[in-house]
Amino acid sequence: MITTEKALQIILENISILKPKDVPISDSLGLIVAEDVSSEENIPPFDNSAMDGFAVRSKDTIGTSPKNPATLLLRGEALIAGDTPKVKVKEKTAVGIMTGAPIPSGADTVIPVEFCKKLEDRVIVYTHYPANMNIRKAGEDIRRGDKVLERNALIYPADIGVLASLGMEKIKVFSKPIIAILCTGDELVDIKTPLSPGKIRSSNTYSLSAQVKEVGAIPLEYGIIRDNTEEIKEKITDALEKADLIITSGGVSMGEYDLVRNIVTEIGAELKFWKIAQRPGMPMAFWVFEKKPIFGLPGNPVSVMVCFENYIRPSIFKMMNKKFQPRQIIKAKMAHPVKNKKGRVHYLRVIVYKERDELWAKTTGDQGSGILRSMAKANGLLTILAENNFIERGEDVEIRMLKPILTTPIPISIENF
Ligand code: AMP
Ligand code: MG
């Protein structure tokens, strides 16, 4: 049995960053850029008007005021966004222009429409603007050659907009790992199958898949696998070909039908450890097969979720070359005493709530590793260290938040447990 710290250390030492891939920009949100991206174009590509008004030569309006307006001859139709202007603005002339339309040659400023009066073939201008006013210059947003994204940057929505404005369909990123999910157990049936005596539904298939999606990776679901050597071997071999990381649930404890442990080792994977001094999730195993990590989680639904949170979530971040985002840790007061068996780290499911401006924490019910409901009710995990076996009522504790703090009254289902 190894410590939780040692387990995480061994795991992360054996996780490598995935090879970069080109992905469509619409699939790149939240991923990490794998190489610098420079612009090959100017954005905007051409000088264009920032206002609805009249494109003129600034010097033709010098000295104008409401009392002393200038009269300019109008040339051609007003330019609208998307037009390519053919007219030239010569001395004492003007061209009507809408926001976004290209500035016609000869013009160097735009007089907003509210300072002008349009007549049949002329425009009266009541104010002066210096050159370059109300013009969005070519390249003022992005200049050709500018670095728009740096290697290792996290991609946000605005970055995707920038890439689109540059006409880049794809971007090289550290791509999303494919995570194979294999749930073993003769007792399992899928959610579509009616329960028969002795059977339970495979909730792990679904909770694991959701956790994989939550970190931004891609689940590859293998469904239910019988406690049968051939079947387990075949599916794991297949998963090793198709996925970047493999998760099995069930079959790693001490029982006669806990086959996964032996089979993975037989396939040729190197067992890095088995059993961690923790509750839930003690019998977790970890192997590496040709650099691919295999996580053997015990079958109990809460063990599965907590092991994922503690060990697989950071692993997936590393594979994506993403800076690990630890969960928010908050300080709260324990609302009741808690006991722990010494010698193992205990992860307790708790609800953190606000009462008279103070944060309090309460466990969400039975802490058995099969009680998934108490995981669903919880918004945080309280870690009790292996050497600590008692927390008093009112004692300050640190809690890792998986969901927001509860600010509304505690639901009756939690209050009454
Ligand atoms: P095992 O680790 O294979 O001994 O499984 C321990 C217990 O976890 C089983 O007795 C089941 O109650 C439960 N279990 C195993 N696999 C699943 C699953 N896929 N979904 C929900 N519960 C499961
Ligand atoms: Mg089993």
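For this chain, numbers begin at 1 and follow the sequence in order. Ligands are counted one by one from 1 in listed order, and the atoms in each one are counted from 1 as well.
- A donor-acceptor pair under 3.5 Å is formed between the side chain of His336 and the backbone N or O of Thr363.
- Other residues, nucleotides and ligands place more than 12 heavy atoms under 6.0 Å from the CD atom of Gln9.
- Judged by distance alone, the side chain of Asn228 and the main-chain N or O of Glu231 form a donor-acceptor pair under 3.5 Å.
- A donor-acceptor distance shorter than 3.5 angstrom exists from the side chain of Asp159 to the backbone of Tyr156, with no hydrogens or angles considered.
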| request: Take Val252 and Asp258 through the side chain to side chain contact (heavy atoms under 4.5 Å, CB included) test and state the conclusion after the steps. | output: CA-CA 5 Å; Val252 288; Asp258 288 325; over 6 Å; no

Give one line per pair: atom of ligand 1, protein atom, distance. Only N/O to N/O under 3.5 Å.
residue	atom	partner	partner atom	Å
ligand 1	2 (O)	Gly299	N	2.8
ligand 1	3 (O)	Gly251	N	2.9
ligand 1	8 (O)	Gly299	O	3.3
ligand 1	8 (O)	Asn300	N	3.2
ligand 1	8 (O)	Asn300	OD1	3.3
ligand 1	14 (N)	Gly299	O	3.2
ligand 1	19 (N)	Ser202	OG	2.9
ligand 1	19 (N)	Asn204	ND2	3.4
ligand 1	20 (N)	Ser203	N	3.1
ligand 1	20 (N)	Asn204	N	3.2

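- Side-chain N or O atoms of Thr364 include one that pairs as donor or acceptor with a backbone N or O of Ser374 at under 3.5 Å.
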